[in-house]
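Heads up: the structure comes next, in structure tokens.
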Amino acid sequence: WPRLQIQDGMGARALELCILTATRTGELLGARWPEIDLEARIWIIPAERMKAGAEHRIPLTDPAIALLRKIAAIRRSDLVFEGQKEKRPLSNMAMAMVLRRMNLDVTPHGFRSTFRTWAAECTATPHEVAEASLAHIQGDRVVAAYQRGDFFSKRRDLIEAWATYVTSGKSP
């Protein structure tokens, strides 16, 4: 984590938030400031920007809030991660290039897999909560028909533990 934090550029900051929130690259790069409520500590990605077409609420941790406040201080548009071209998001390759410069043979998406494996192996988090954290849709139609909640408070606890693990190496 410290190696990533000393990397320059918006691609490194995007990768930090991507890891802290366990979001997909495209959803992160398309983030807009009106989706983020720093006071309520929540980021709401609208359905039209989600792979599954359903709104996704992401709890924001202290490290994520601190990072977003730094980025907000240099804000140029409604895009959280504006690229070189005005009003255009950062390139899909920006985060991958940060990892390449760090000589790491991983992808940004791989951190979602790491999050899921960590949640299963290092916490007592129920499967459904971990899957909801990744905005995965319930495969069983009957269960999906009855399960209408998004486990938000439980997901907040999980993402807080993840942020602690990522930033300090300490697992619950």
Side-chain angles (χ1 to χ4, degrees), residues 1-53 55-119 130 132-136 155-156 158-171:
W1 187 253
R3 283 184 60 207
L4 175 56
Q5 289 187 305
I6 62 170
Q7 299 298 309
D8 289 329
M10 200 53 83
R13 304 299 71 82
L15 184 57
E16 282 183 66
L17 191 62
C18 191
I19 293 168
L20 288 169
T21 58
T23 52
R24 292 178 184 93
T25 302
E27 293 157 0
L28 179 94
L29 294 176
R32 297 188 170 277
W33 287 109
E35 298 171 358
I36 296 170
D37 185 335
L38 296 175
E39 298 308 313
R41 304 172 60 86
I42 188 169
W43 171 20
I44 302 174
I45 305 175
E48 60 270 12
R49 289 203 322 97
M50 291 298 299
K51 180 179 179 181
E55 177 183 278
H56 185 51
R57 300 184 314 148
I58 300 170
L60 296 172
T61 60
D62 287 342
I65 295 284
L67 175 60
L68 285 164
R69 288 198 174 166
K70 285 181 197 173
I71 296 167
I74 58 169
R75 178 180 171 177
R76 299 183 326 204
S77 74
D78 269 355
L79 284 167
V80 176
F81 297 104
E82 188 173 49
Q84 298 294 336
K85 294 182 181 176
E86 190 176 329
K87 297 183 182 178
R88 301 279 302 160
L90 202 59
S91 161
N92 274 345
M93 288 301 296
M95 291 185 279
M97 292 307 294
V98 170
L99 293 166
R100 190 174 297 162
R101 283 192 304 272
M102 293 175 68
N103 292 316
L104 296 174
D105 189 23
V106 295
T107 64
H109 191 80
F111 288 101
R112 282 174 56 85
S113 298
T114 301
F115 168 82
R116 187 61 186 91
T117 300
W118 169 86
S133 293
L134 294 169
H136 287 166
R155 289 190 301 112
R156 181 173 294 285
L158 178 62
I159 208 72
E160 291 281 354
W162 171 246
T164 298
Y165 175 71
V166 166
T167 60
S168 72
K170 296 177 186 171
S171 222

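Sequence positions, counted from 1, serve as the residue numbers for this chain. Just so it is clear, the model here is predicted, and its values are computed rather than measured. Side chains included, hydrogens not; waters and symmetry mates left out as well; all remaining heavy atoms used.
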Ala14: partners by side chain to side chain contact (heavy atoms under 4.5 Å, CB included), with sequence neighbours left out: Leu28, Leu29, Phe81, Leu90, Met95
To the closest 0.5 Å, what do you measure between [atom1] ([X]) and [atom2] ([Y])?
X: Ile58; Y: Arg155; atom1: CD1; atom2: CZ; value: 7.5 Å
X: Ser91; Y: Met10; atom1: OG; atom2: CE; value: 14.0 Å
X: Leu15; Y: Gln7; atom1: CG; atom2: CD; value: 9.5 Å
X: His109; Y: Thr23; atom1: NE2; atom2: OG1; value: 10.5 Å

Phe115 vs Leu158, side chain to side chain contact (heavy atoms under 4.5 Å, CB included): CA-CA, chis, key distance, verdict: CA-CA 10 Å; Phe115 168 82; Leu158 178 62; 3.5 Å; yes
Please table the atom pairs, donor to acceptor, closer than 3.5 Å between any side-chain atom in residues 60-71 and protein atoms at least two apart or in another chain.
| from | atom 1 | to | atom 2 | distance (Å) |
| --- | --- | --- | --- | --- |
| Thr61 | OG1 | Ala64 | N | 3.4 |
| Asp62 | OD1 | Arg41 | NH1 | 2.9 |
| Asp62 | OD1 | Arg41 | NH2 | 2.9 |
| Arg69 | NH2 | Glu39 | OE2 | 3.4 |

When you measure from the side chain of [X] to the backbone N and O of [Y], does any donor-acceptor pair fall under 3.5 Å?
X: Arg57; Y: Ile44; answer: no
X: Glu35; Y: Trp43; answer: no
X: Trp162; Y: Ala119; answer: no

Audit row: Ile45, Glu55, side chain to side chain contact (heavy atoms under 4.5 Å, CB included) steps and yes/no: CA-CA 6 Å; Ile45 305 175; Glu55 177 183 278; over 6 Å; no
[X] and [Y]: which non-hydrogen atoms are nearest, and at how many Å?
X: Arg76; Y: Gly83; answer: NH2-O, 2.8 Å
X: Leu79; Y: Gly30; answer: CD2-O, 4.2 Å
X: Leu134; Y: Ala22; answer: CD2-O, 3.7 Å

Charged N-O contact under 4.0 Å between Arg24 and Glu27: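 Between Glu27 and Arg24 there is a salt bridge, with a charged N closer than 4.0 Å to a carboxylate O.
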Residue Gln84 excluded, over 12 heavy atoms near CD under 6.0 Å: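 Not more than 12 within 6.0 Å, no.
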Arg75 atom CZ: more than 12 heavy-atom contacts under 6.0 Å: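 Yes - once you tally the heavy atoms of other residues, nucleotides and ligands closer than 6.0 Å, there are more than 12.
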Steps toward side chain to side chain contact (heavy atoms under 4.5 Å, CB included) verdict (Glu82, Lys87): CA-CA 6 Å; Glu82 188 173 49; Lys87 297 183 182 178; 4.1 Å; yes
Side chain to side chain contact (heavy atoms under 4.5 Å, CB included) evaluation trace for Thr21 with Phe111: CA-CA 10 Å; Thr21 58; Phe111 288 101; over 6 Å; no
